Every structure is written in structure tokens, then in C-alpha cells.
Amino acid sequence: MPSKSSARLAALTVAAVCSAASTIVLTSPAHADSVRIHDIQGSTRISPYAGQTVTDVTGIVTGIRTYGSSRGFWIQDPNPDADPATSEGVFVFTSSTPKGVAVGDLVSVSGTVTEYVPGGATSGNQALTEITRPTFTVVSSGNAVPAATVVNSRTVPGAYTPEGDSAAGNSINGLTLRPSKYALDLYESLEGMNVQVSDTRVVGATDPYTELWVTVKPWENRSSGGGTVYGSYTSQNTGRIQIQSLGASADFPKANVGDTLAGTTAGPLDYNQYGGYTLVANQLGTLESGGLERETTQKQKRGELAVATYNVENLDPSDTTFDAHAAAIVHNLRSPDIVSLEEIQDNNGAVNDGTVAADQTLQKLIDAIVAAGGPRYEWRSIDPANNTDGGEPGGNIRQAFLFNPERVSFTDRAGGDATTAAGVTEVRGKAALTVSPGRIDPANAAWSSSRKPLAGEFSFRGRTVFVIANHFNSKGGDQGLTSQYQPVARSSETQRHQQATLVNAFVKDILATQKNADVVTLGDINDFEFSDTAKILESDGALWSAVKSLPRGERYSYVYQGNSQVLDQILVSPSIRRGCDFEYDSVHINAEFNDQISDHDPQVLRFKP
């Protein structure tokens with residue numbers, strides 16, 4: 001996940017946003033006398049007063065932010081106009097902790113209207129209208145704060161966002177807001193205003209930065225755990241909204257998905273880099289537990305092979321989570337026969353000194369599994385070349401196989417290393433790997449700064465099973481759902497599509513050699529089961545994503561911005577799928593919990609080879 005620290009852009013005098021590249025046009029400051037807040041906000045996302053100096057803008061203080069890089073206060077006009085597209089609130093950016101102002105003060109503010117883009121112009125985020133470099137006077141104190149606008153299932157439209165103006169690079173900045181038709185337009189029309197939600201269900205657990213997500217539409221694509229399932233690019237779950245607090249971090253509720261913020265949560269509506277529209281609460285509802293419990297899968301039967309994938313989130317010997325991961329593997333996953341691990345770091349983690357071996361990391365996990373009552377797994381992996389596989393610099397993350405030698409054997413064929421490509425050959429009429437473990441086409445540009453798939457050949461009850469462990473290119477750099485560009489650009493897909501093409505071709509090589517070969521392709525695919533990445537992996541019938549065998553409410557392994565979604569997948573070859581003798585389980589033990597040991601839920605497949 002990206003760092004929470006980001007430098008505030010220098011205040012720009014923005015006159016217009018235009019062209020396909022959304023160019024910011026600078027002008028000399030102008031001057032506007034005694035305008036109202038709704039005049040400043042206007043009926044589009046960019047203020048008609050951007051870049052101008054305004055004087056004597058009056059409003060009642062509804063909230064004060066005294067922490068972080070964006071300090072200041074919100075004001076709201078108690079006498080709104082009749083246009084639902086124009087917000088009556090605005091943030092006054094003071095840079096340092098504001099002094100001499102309190103909630104309930106009627107203030108008169110002068111300053112420069114600025115469009116601030118959280119995360120910078122290249123992020124694609126929308127702009128937040130602010131008054132910067134302010135001077136202000138308190139006219140009176142103790143005034144009633146303007147009543148909060150209720151945001152609920154009746155007020156939030158079902159459509160998420162309009163498409164952007166193609167002449168402006170698909171930007172929605174210049175479009176007139178239609179808050180009764182589009183959810184993003186509604187939220188924008190309330191930017192800076194005092195808003196409230198009531199009795200909302202938590203759909204994104206509290207994270208270390210004291211944020212959580214709720215939904216005002218409790219029925220909207222509900223997951224089995226109480227979240228909201230992200231099931232397509234056109235159904236973004238409009239009821240989601242992020243909650244932060246103006247109070248002390250220690251007082252922020254530690255919520256799991258499925259909990260409820262009972263009563264009223266109210267405060268100014270902000271827009272930030274990490275989630276877009278955010279209710280910054282000066283009144284928080286009471287947390288009520290939804291009783292969410294970590295799941296446990298079934299134990300494989302004697303004739304079943306259990307294969308799992310588990311992203312252990314940058315695991316290295318200095319971490320304190322080994323016992324917890326071991327307990328999860330032994331008790332929640334019921335000691336699968338083969339475990340594909342993603343994000344195994346080298347022996348000194350993020351220390352960037354050229355170390356690439358991860359034997360200590362893997363052995364420490366194996367020992368913890370034994371201590372938890374599990375089998376003494378063996379492991380296979382290939383060390384990457386230093387700092388070539390992406391991830392945390394110096395960490396050298398890679399995939400690794402754990403396997404239970406009491407149940408399954410590994411077919412070792414020497415020669416696999418960071419740069420040698422595994423191939424497929426025929427041995428006595430059956431498919432075999434030329435090296436095992438081995439990497440798939442590691443020199444291909446598709447794997448630049450990304451993990452190379454690890455292919456291994458296993459034997460279970462006399463039958464060969466090919467397992468390919470993957471960790472595809474991350475979604476970093478993609479535009480967020482609340483971007484000013486609609487539909488959003490998903491630039492990271494390009495590399496994943498190339499990667500999926502190579503893996504699909506490798507699987508087809510195996511199947512061309514042995515039509516009925518059992519192939520399991522699994523890991524952190526970093527893309528959805530309905531994505532083009534998954535379709536490329538499945539192309540020509542070589543593979544099928546078994547997560548699609550689950551009910552829609554169970555299809556998720558990761559929760560991001562309140563959307564429960566599939567990133568981790570297990571795909572199977574036709575011989576496994578056609579037998580219909582398999583069981584798939586997304587074992588929900590992490591993604592929905594505020595005390596998670598990884599941000600991913602493991603996946604388990606049980607089948608009879």
C-alpha cells in the first residue's frame with residue numbers, strides 16, 4: 001500500500017482545466033468581493049473562482065483539523081441557495097494549527113481559492129476546493145452548526161459516475177453535477193459540508209491509519225462476512241464511504257467487517273488521496289460487533305490433494321507474525337499438502353545489501369508450523385537476482401512451495417535458477433518439466449520488476465500434478481474509482497496481460513504434451529476473476545478460475561476501500577474441472593479483520609487427481 005505521507009502541492013492559481021492531459025492553466029490572481037460559499041463551489045468540480053482572491057466569505061465553523069499536513073477548518077453557509085449541485089461548505093487551509101477559532105463561530109474569511117489535488121496532478125484524483133493563505137475574523141461565537149445533510153440509501157443514486165468528456169481526456173471536471181443521478185456527483189455536491197450517516201455497517205475494517213469504510217446501502221452486493229462484493233467494473237458499490245475522525249486516534253473504533261456504527265456519525269465531507277470522499281467525523285457512532293469469526297476449512301480426505309495459496313505479506317525473519325501464520329496454516333487451512341507462499345522475503349528483509357537467500361525465512365515458518373502441531377513441511381524455491389523482482393527494495397520477495405512429504409513428493413530436476421527458463425518435455429508418454437523447480441521465461445520483459453512464476457512437479461498417490469505459483473504485477477499506479485477521469489485507467493493491466501499470456505502458453509505446452517495433465521495455477525494474480533487478466537489465463541480452455549464455483553457472496557480474498565474483491569485465485573486444468581470432484585474455499589481469516597496478519601485471505605482447493 002502507498003505511504004500515508006505526501007507533500008502538499010504548492011498552491012496553484014488555477015483558471016481552468018482543459019485538454020486531454022488535463023493541463024492546469026495559470027493566470028494572474030483576480031479579485032472577487034463578498035462571494036458566498038456556493039458561488040465559490042459552483043456547479044462543477046472546479047471552482048469558477050479558482051485562482052482568484054475572495055474577501056469576506058462568511059460561514060459557521062463545522063470542524064477543525066489540527067493534525068497532519070492538511071490543517072485548517074471547514075465553514076458552511078447556514079443560508080443555502082436552491083441549487084442542489086452547489087455545496088455550501090468549504091475547507092479553509094491554514095497550513096499550521098488554526099488558532100482563535102472554534103466550532104460554532106461565525107467567521108469572515110478572505111484568501112485565495114485553490115484547487116488542491118491530493119496526491120498530485122499525476123494521481124488522477126479529483127481536486128478539492130479550498131480557501132488558502134487565509135485571513136479571518138470571528139464575527140460571533142456559539143452559533144448552531146448547520147444541520148447535517150443525511151446521506152442514506154434513499155439519497156445516494158445507484159449509478160456511480162458519469163463518463164468523462166472525451167474532448168478533455170475523459171475528465172469529469174467540467175461536467176455540471178447531477179447529484180440525483182450519480183453517486184460521485186452527490187458526494188461532490190456535498191464537499192466541505194456537514195453530513196451524517198446513521199446505523200451503517202462496516203465494510204472495510206479499521207486500518208493502522210484510523211480509517212474504516214461503511215455502507216449506507218446494507219443490501220448492496222452483500223458478502224457472506226457483511227462486506228460489499230466488487231463483482232464488475234460497472235458496479236462500484238455506491239453506498240461505500242470512508243470514515244475518519246477529528247478526535248484522538250485512541251478513541252477511533254477498532255472495527256471488523258460486519259460490525260455496525262450504531263447511531264449517528266457526522267462531520268465535514270472531505271476528499272483525500274486514499275479513498276476519495278471521506279466523512280471526517282466530529283461525532284462517531286457506537287461500535288456494535290457483528291460477531292465476525294475467522295473461518296476454518298475442511299480437512300482433506302485421504303484420497304484428496306489439498307493445494308493452497310497464501311500471501312504472507314513481506315514475511316522475513318524479523319517479523320513477529322510467524323506463530324500466527326503457522327497457526328493459520330495448521331488450524332484454519334488444516335495443513336494443506338502443498339502451499340504456495342507469496343511475498344517471502346530474503347533472510348534480512350528490507351536490508352538492501354545484496355542478500356537474496358530466504359532459507360532462514362522459510363525454515364522459521366516451518367519450525368513454527370511444527371510447534372503449532374502441523375507437519376514438518378519441506379520447501380522449494382528459487383532465489384531471484386537482487387532487486388529484480390519488485391516489492392520492497394532489498395526484500396527480494398518471491399514465491400515458495402511448502403509441501404508435506406508424508407503426503408506428497410516433489411520431483412527435483414536440477415538446473416532451475418533465476419535466469420533459466422523451465423520447459424516441457426515428454427517422458428514415457430507423459431509431460432514433465434525440464435527443471436523443477438523452475439521459472440517461466442524469466443528473461444521476458446513481461447516480468448520486469450515483477451515476480452517470475454515458480455513451476456514445480458509433484459507426485460501424489462502415483463499421479464503427477466504440476467503446480468505454478470504466481471504473483472503478478474500489482475495494481476499500483478492505477479487510477480482510483482473516484483478519479484476525475486472516468487472510466488478510470490488501469491495502466492497496470494498491460495503487464496499483467498503479458499504475464500497471463502506467458503503462463504497460459506506454458507500450461508498449453510503441458511496440455512499439448514499430455515492432454516489429461518493435472519495443472520494447478522495459483523497465487524496472488526492481483527486481478528479479479530472477471531478481469532481480462534483472468535480471461536487470458538483461461539483462454540483456449542487451458543485453465544479455469546475455481547473461485548467462480550463459489551456463490552458470489554463468497555468470492556473475495558481482499559478488501560480495498562470497502563470493496564470485497566478477488567485478487568488471489570486458483571485456476572485448474574480441464575482434467576480437474578471436468579471431474580467436478582473438487583472443493584474450493586476462500587478462507588476468510590485476514591482481509592475483514594482489523595488485527596490481520598496479512599491483507600490477503602488464503603485460498604484452498606481440494607481435489608482427487
Side-chain angles (χ1 to χ4, degrees), residues 9 11-19 22-60 62 72 74-93 108-118 121 125-134 146 149 157 161-162 164-165 167-195 268-271 276-277 482-486:
L9 293 181
L12 295 175
T13 54
V14 182
V17 176
C18 61
S19 84
S22 199
T23 304
I24 296 176
V25 181
L26 303 182
T27 66
S28 299
H31 186 78
D33 291 319
S34 301
V35 300
R36 304 276 292 276
I37 294 173
H38 50 249
D39 297 324
I40 292 172
Q41 287 285 9
S43 59
T44 68
R45 286 174 165 78
I46 300 298
S47 170
Y49 288 88
Q52 298 186 33
T53 299
V54 292
T55 60
D56 302 328
V57 180
T58 59
I60 294 174
T62 60
W74 289 267
I75 59 174
Q76 183 168 333
D77 193 328
N79 300 303
D81 67 2
D83 187 351
T86 56
S87 171
E88 301 294 340
V90 71
F91 185 67
V92 180
F93 174 62
S108 176
V109 180
S110 300
T112 301
V113 177
T114 301
E115 291 292 347
Y116 164 58
V117 182
N125 288 327
Q126 294 187 46
L128 178 67
T129 304
E130 299 179 336
I131 299 176
T132 63
R133 297 191 289 276
T149 300
T161 179
D165 181 358
N170 294 330
S171 174
I172 58 177
N173 278 342
L175 303 180
T176 299
L177 299 175
R178 290 183 281 178
S180 64
K181 185 169 185 179
Y182 298 111
L184 288 193
D185 285 10
L186 171 69
Y187 294 133
E188 177 65 20
S189 74
L190 299 174
E191 178 191 272
M193 289 178 61
N194 194 25
V195 300
L269 188 67
D270 195 24
Y271 183 93
Y277 296 102
T482 61
S483 169
Q484 64 166 286
Y485 303 107
Q486 298 291 338

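Since this is a predicted model, take the numbers as computed values, not measurements.
Taking both residues in full, the closest heavy atoms of Val54 and Tyr49 are given as CG1-CD2, 4.3 Å, listed atom of the first, atom of the second, then distance. Across all non-hydrogen atoms, the minimal contact from Leu190 to Ser87 is C-OG, 3.9 Å. In plain terms, the two heavy atoms of Ile37 and Gly59 that are nearest each other are CD1-CA, 4.4 Å. The heavy-atom pair separating Pro179 from Pro157 by the smallest distance is O-CG, 3.4 Å. Annotation for Ser43 and Asp83: closest pair CB-OD2, 4.2 Å, computed over non-hydrogen atoms. The two residues Gly42 and Pro48 have their closest heavy-atom pair at CA-CD, 3.9 Å.
Here Arg36 contributes atom CZ and Thr58 contributes atom OG1; the two are 6.5 Å apart, rounded to the nearest 0.5 Å. Separating the CD atom in Gln486 from the OG1 atom in Thr161 is a distance of 4.0 Å, to the nearest 0.5 Å. If you take CD1 on Ile131 and CZ on Phe91, they are separated by 11.0 Å, rounding to the nearest 0.5 Å. Rounding to the nearest 0.5 Å places CD of Glu188 at 8.0 Å from CD1 of Ile172.
Of the candidates Leu177, Asp77, Ile46, Val90, Gln41 forms a side-chain contact (heavy atoms from CB on, under 4.5 Å) with just one, namely Val90. Test Gln484, Glu115, Gln126 against Arg45 for side chain to side chain donor-acceptor pair (under 3.5 Å) and you get one pass: Gln126.
Of the possible polar contacts, one joining the Ser47 side chain to the Ile40 backbone as a donor-acceptor pair under 3.5 Å is found. Judged purely by atom type and a 3.5 angstrom limit, Asp185 uses its side chain to pair as donor or acceptor with the backbone of Arg178. Judged purely by atom type and a 3.5 angstrom limit, Thr114 has no side-chain atom pairing as donor or acceptor with the backbone of Tyr116.
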request  = Carefully, step by step, assess Asn173 and Thr44 under the rule side-chain contact (heavy atoms from CB on, under 4.5 Å).
outcome  = CA-CA 6 Å; Asn173 278 342; Thr44 68; over 6 Å; no
request  = Check the pair Thr149, Glu88 against side-chain contact (heavy atoms from CB on, under 4.5 Å), reporting the backbone distance first and the verdict last.
outcome  = CA-CA 11 Å; Thr149 300; Glu88 301 294 340; over 6 Å; no
inquiry  = Apply side chain to side chain donor-acceptor pair (under 3.5 Å) to residues Thr86 and Asp81 and explain how you reach the verdict.
reply    = CA-CA 8 Å; Thr86 56; Asp81 67 2; 2.9 Å; yes
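No side-chain N or O of Tyr277 forms a donor-acceptor pair with one of Glu191 less than 3.5 Å apart.
A heavy-atom distance below 4.5 Å is not found between the side chains of Arg133 and Thr53. For the pair Ser110/Asp56, a side-chain contact is recorded, criterion being any heavy-atom separation below 4.5 Å from C-beta on. Side-chain contact between Trp74 and Asp270 is present, with at least one heavy-atom pair separated by less than 4.5 Å. Side chains of Asn125 and Tyr271 form a contact here, defined as non-hydrogen atoms less than 4.5 Å apart. Looking only at side-chain heavy atoms (C-beta outward), Asn194 and Pro146 stay at 4.5 Å or farther from each other.
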